[in-house]
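Data first, discussion second: the structure below is written as structure tokens.
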Amino acid sequence: MSKGKKTDGVPLVKVRNIGIAAHVDAGKTTLTERVLFYTGASHKIGEVHHGTARMDWQAEEQEHGITITAAVTQCPWKDHHIQIVDTPGHVDFTIEVERSMRVLDGAVIVMDGVRGVEPQTETVWRQANRFDVPRMVFVNKMDRPGADFDRALESIRRRLGDEPVPVCVPVIESQTVLHVIEQRAYSFSGEKGEEVSVRDLEPHEQETVAAYRETLLLALGEHDETLGEKVIMEEEIGEDEIWSVLARLTQQGVVRPAFSGSALRNWGVQPMLDAVIKLMPSPLEVPPVEATDANGETVLVEMDADQPLVALVFKVQLIDGRRHCFARIYRGTLNAGDQVARSGKNMVERVARVFDIDANKKTRIESASAGHIVVLAGLRHATTGDTLCTPDTQVLLEPILAREPVLGLAIEPESSRDEEKMVEVIEKMCEEDPTLRFDEDQETGQRILKGMGELHLQIAFERMKREFAVSVLVGKPRVVHRETVAQALTATGGVDRVLEMGTVTKELKAQVTARVRPRDRGTGIEVTATPKWLPPELTPTPEQAEAVRLGANDALAGGPTEGSPLEDVGIEVLEVQTFGPASDAQALRIATASAVRDAMRQAGGLVMQPIMKVEVVVPDDDTGRVLGDLQSKGATIVGHATDMEMSTIEAECGLTQLLGYATALRSMTKGRGQFTMEFDRFDVL
């Protein structure tokens with residue numbers, strides 16, 4: 001059985017597919033640029049603040065100084081091949097992290113050495129947990145005043161509930177890292193930190209390392225009986241044994257190895273790279289992924305190049321104006337020119353080209369096998385979350401779910417000549433980004449573009465103008481609302497009419513009793529359609545039963561107050577009264593929808609808006625002013641802490657009240673305040 005190789009001949013056991021993720025401005029892209037330089041994949045270091053970062057290749061990324069789209073690259077390191085996905089840190093682009101985590105075998109979570117765990121750190125950590133992605137931590141920016149390695153690790157325990165274990169400890173004064181496992185000191189010199197010197201520990205360094213080494217060994221010993229006994233007996237433990245146990249526990253998600261340094265100052269990166277090879281799993285070491293076959297049965301997809309193809313499209317992107325699909329191959333081999341089926345979609349397409357990808361640069365290859373992340377050209381219909389299979393052997397992988405947008409803007413082209421082009425461009429962008437939605441308001445006729453926040457939509461408009469030469473006029477922001485019902489209520493509704501169709505008349509008659517009730521926040525919609533049928537001797541046909549279920553779902557189109565989509569509502573169809581042939585499927589569907597709508601109207605609707613989790617970091621002197629302003633917006637303050645003359649305020653607030661808040665905060669704090677927010681739930685204010 002062939003296990004497959006990379007196209008450059010590296011066996012899969014020496015391949016690592018990892019992602020780099022973090023809170024915005026923690027230094028992900030800066031770290032990635034150093035990795036590419038030290039591995040020889042790049043001949044110069046690009047800098048985010050100069051707009052020259054290789055991974056931030058889009059014009060909008062260079063202009064704003066942030067990562068917007070997940071970029072894939074690759075590099076060699078000590079006879080291994082590393083594929084890296086550099087992900088955005090801003091919450092507006094969290095779908096890029098979500099779909100990247102879906103296909104990764106491991107991750108490096110970058111943290112600010114001063115700030116520790118931040119809001120988006122929690123988000124990417126949850127995303128990694130959802131897909132059981134093993135991860136390491138790189139505590140970055142240790143050169144900054146106030147940086148504290150121990151405090152950063154404690155924030156992981158406290159806020160993430162995970163167990164970090166120290167591997168490389170920083171010595172800030174000398175920009176050195178002390179290796180806890182190897183018990184050696186690493187220092188970095190040369191113009192770009194490319195020269196690494198390794199030496200024995202000084203006596204005072206030995207004391208420092210001894211304390212961290214004990215922490216590491218005790219943490220590992222709790223989960224490995226053999227190593228634990230050696231720790232208790234104070235026996236000598238070899239490096240290889242520690243690495244072996246640490247790798248196993250890291251891949252099981254029991255511990256999170258922690259490294260440190262400063263990517264910007266070029267120190268601490270190479271030992272972290274060595275650990276990626278030793279601790280992160282190869283594609284062959286990752287458990288088989290689960291899929292569903294044509295019979296609805298769960299099957300395991302083994303990493304085997306000789307079996308029928310199974311691949312997942314995790315991203316669609318326009319490169320050089322053409323549509324490309326990023327895909328992770330889980331099984332089989334994909335050749336240029338192959339036909340592939342979109343599993344569950346009854347559609348077959350042909351892959352015209354297969355590429356390796358380095359940021360926005362493509363290298364054409366003839367084929368790729370299991371374990372490979374590639375870019376495919378020629379697929380006109382495949383989209384994010386699609387499973388690609390050999391046409392005669394189809395299975396369905398778990399799809400990638402996109403979050404619902406929370407902010408909308410009315411748009412129209414500056415020139416009426418561009419109307420068709422605008423619609424075409426937006427449809428292409430929505431294919432790329434599932435969190436962008438384009439709708440037309442049925443009442444006003446306005447076209448609404450919805451997204452995850454102000455920055456998300458701003459970037460979309462900038463891309464439309466730069467890439468497609470389409471300028472749009474933008475209306476005021478419209479926060480996306482949801483509705484729920486105010487109380488539980490039961491109502492009876494029905495249909496009793498005669499339809500005249502030419503010379504033929506048709507009677508529709510049925511009566512339905514339904515109950516609606518509010519549900520706990522975040523629990524979604526629940527529909528129960530197992531009613532009591534009258535007369536009692538009636539046995540409903542499958543078509544009649546299905547019509548009742550469909551009628552209940554028809555009523556979910558909009559709430560009773562302003563017609564917004566419903567959220568957190570329970571619907572139960574209690575009783576159906578039939579009247580012979582007049583109670584066919586059409587009559588039952590209309591009657592059920594009528595009963596549910598009547599119940600909702602009588603129960604009364606409550607409008608819910610997006611509630612955001614907010615973290616504001618401001619100088620101590622400005623804390624009172626900022627707290628007062630937040631409370632005036634109806635925010636609920638849930639936490640307040642002070643550290644290093646800076647205050648961190650945690651709050652919950654409606655999105656409507658936060659529109660434009662970044663500008664107001666800069667004004668209140670003379671530009672020193674920082675503000676992040678993340679969607680939490682829809683709720684009534």
Side-chain angles (χ1 to χ4, degrees), residues 18-36 45-49 53 55-56 61 64-71 84-94 96-98 100-101 104 106-128 133 135-156 158-160 162 164 168 170 172 177 256-269 272-273 276 455 613 615-617 643-644 646 648 673-678:
I18 65 166
I20 298 182
H23 184 88
V24 65
D25 201 33
K28 302 174 307 305
T29 303
T30 302
L31 176 63
T32 306
E33 293 293 324
R34 269 61 185 176
V35 167
L36 294 176
I45 295 178
E47 300 292 3
V48 175
H49 52 278
M55 304 304 288
D56 287 351
E61 294 178 311
H64 292 272
I66 61 172
T67 302
I68 292 169
T69 183
I84 300 173
V85 181
D86 178 35
T87 64
H90 197 286
V91 69
D92 281 15
F93 310 103
T94 191
E96 295 285 342
V97 185
E98 183 88 13
S100 297
M101 288 293 182
L104 293 173
V108 177
I109 308 298
V110 183
M111 291 172 49
D112 186 318
V114 178
R115 300 290 305 145
V117 173
E118 299 179 86
Q120 191 65 1
T121 318
E122 296 184 12
T123 301
V124 300
W125 204 270
R126 286 196 303 270
Q127 290 169 321
V133 178
R135 73 215 71 146
M136 311 163 30
V137 175
F138 185 77
V139 183
N140 193 26
K141 300 190 178 184
M142 292 307 301
D143 58 304
R144 290 182 59 199
D148 189 319
F149 182 67
D150 292 335
R151 188 175 61 211
L153 299 195
E154 179 55 33
S155 71
I156 294 176
R158 177 170 45 85
R159 295 185 63 171
L160 304 177
D162 245 311
C168 282
I172 296 173
V177 295
R256 314 297 184 188
F259 300 78
S260 61
S262 170
L264 185 63
R265 303 302 175 196
N266 308 312
W267 60 284
V269 177
M272 183 273 294
L273 262 177
V276 166
L455 180 61
K613 290 171 63 176
E615 182 172 282
V616 186
V617 181
D643 187 36
M644 299 292 296
M646 298 292 285
T648 300
Q674 301 177 29
F675 156 67
T676 58
M677 66 177 177
E678 177 185 1

Contact check, side chains of Val269 and Val35, non-hydrogen atoms, under 4.5 Å
yes
Identify, with sequence neighbours excluded, every residue that meets side-chain contact (heavy atoms from CB on, under 4.5 Å) alongside Asp148.
Asp150, Arg151
Identify the heavy atoms of Val177 and Gly268 that sit nearest to each other, and give their distance.
CG1-CA, 4.2 Å
I need the Gln127 CD to Ser100 OG distance, nearest 0.5 Å.
9.0 Å
Quick one: are Met272 and Val108 in side-chain contact, heavy atoms under 4.5 Å?
yes
Indicate yes or no: at least one non-hydrogen side-chain atom of Met677 is less than 4.5 angstrom from one of Lys613.
no
Contacts of Glu154 meeting side-chain contact (heavy atoms from CB on, under 4.5 Å) (sequence neighbours excluded), chain-then-number -> Arg157, Arg158
Partner residues of Arg159 under the side-chain contact (heavy atoms from CB on, under 4.5 Å) criterion, sequence neighbours left out:
Val117, Glu122, Glu615, Glu650
Between Pro119 and Thr676, what is the shortest heavy-atom contact and its length?
CG-OG1, 3.5 Å
Which pair of non-hydrogen atoms, one from Asp143 and one from Ser262, has the smallest distance, and what is that distance?
OD1-OG, 2.8 Å
Output for pair (Ile20 CD1, Asp86 CG), nearest 0.5 Å, gives 6.0 Å
To the nearest 0.5 Å, what is the distance between CD on Gln120 and NE2 on His23?
7.5 Å
Quick one: is the NZ or CZ of Arg34 closer than 6.0 Å to the six-membered ring centre of Trp267, and within 45° of its axis?
no
May I ask you to decide if Ala263's main-chain N or O and Asn140's side chain share a donor-acceptor pair within less than 3.5 Å?
yes
If we only count heavy atoms from C-beta on, is the Lys141 to Val114 side-chain gap below 4.5 Å?
no
Roughly how far, to the nearest 0.5 Å, is CD1 of Ile18 from CD1 of Ile84?
5.0 Å
Of all heavy-atom pairs between Pro164 and Leu153, which one has the smallest distance, and what is that distance?
CG-O, 3.4 Å
SG-CZ distance between Cys168 and Phe149, expressed to the nearest 0.5 angstrom
8.0 Å
Less than 4.5 Å apart, any side-chain heavy atom of Arg115 and any of Val617?
yes
Are any non-hydrogen side-chain atoms of Leu31 and Phe138 less than 4.5 angstrom apart?
yes
Is there a side-chain contact between Val137 and Met111, using heavy atoms and a 4.5 Å cut-off?
yes
Flag the pair Asp112 / Glu118 as yes when at least one side-chain heavy-atom distance between them is below 4.5 Å, and no otherwise.
yes
Would you give the length of the straight line joining atom CD of Glu98 to atom OG1 of Thr87, rounded to the nearest 0.5 angstrom?
11.5 Å
Under the salt bridge (charged side-chain N to carboxylate O under 4.0 Å, His left out) criterion, do Glu96 and Lys28 qualify, and how do the steps go?
CA-CA 14 Å; Glu96 295 285 342; Lys28 302 174 307 305; over 6 Å; no
Apply the test side chain to side chain contact (heavy atoms under 4.5 Å, CB included) to residues Trp125 and Ile109: give CA-CA distance (whole Å), side-chain angles for both, the deciding distance (0.1 Å), then the verdict.
CA-CA 8 Å; Trp125 204 270; Ile109 308 298; 3.8 Å; yes
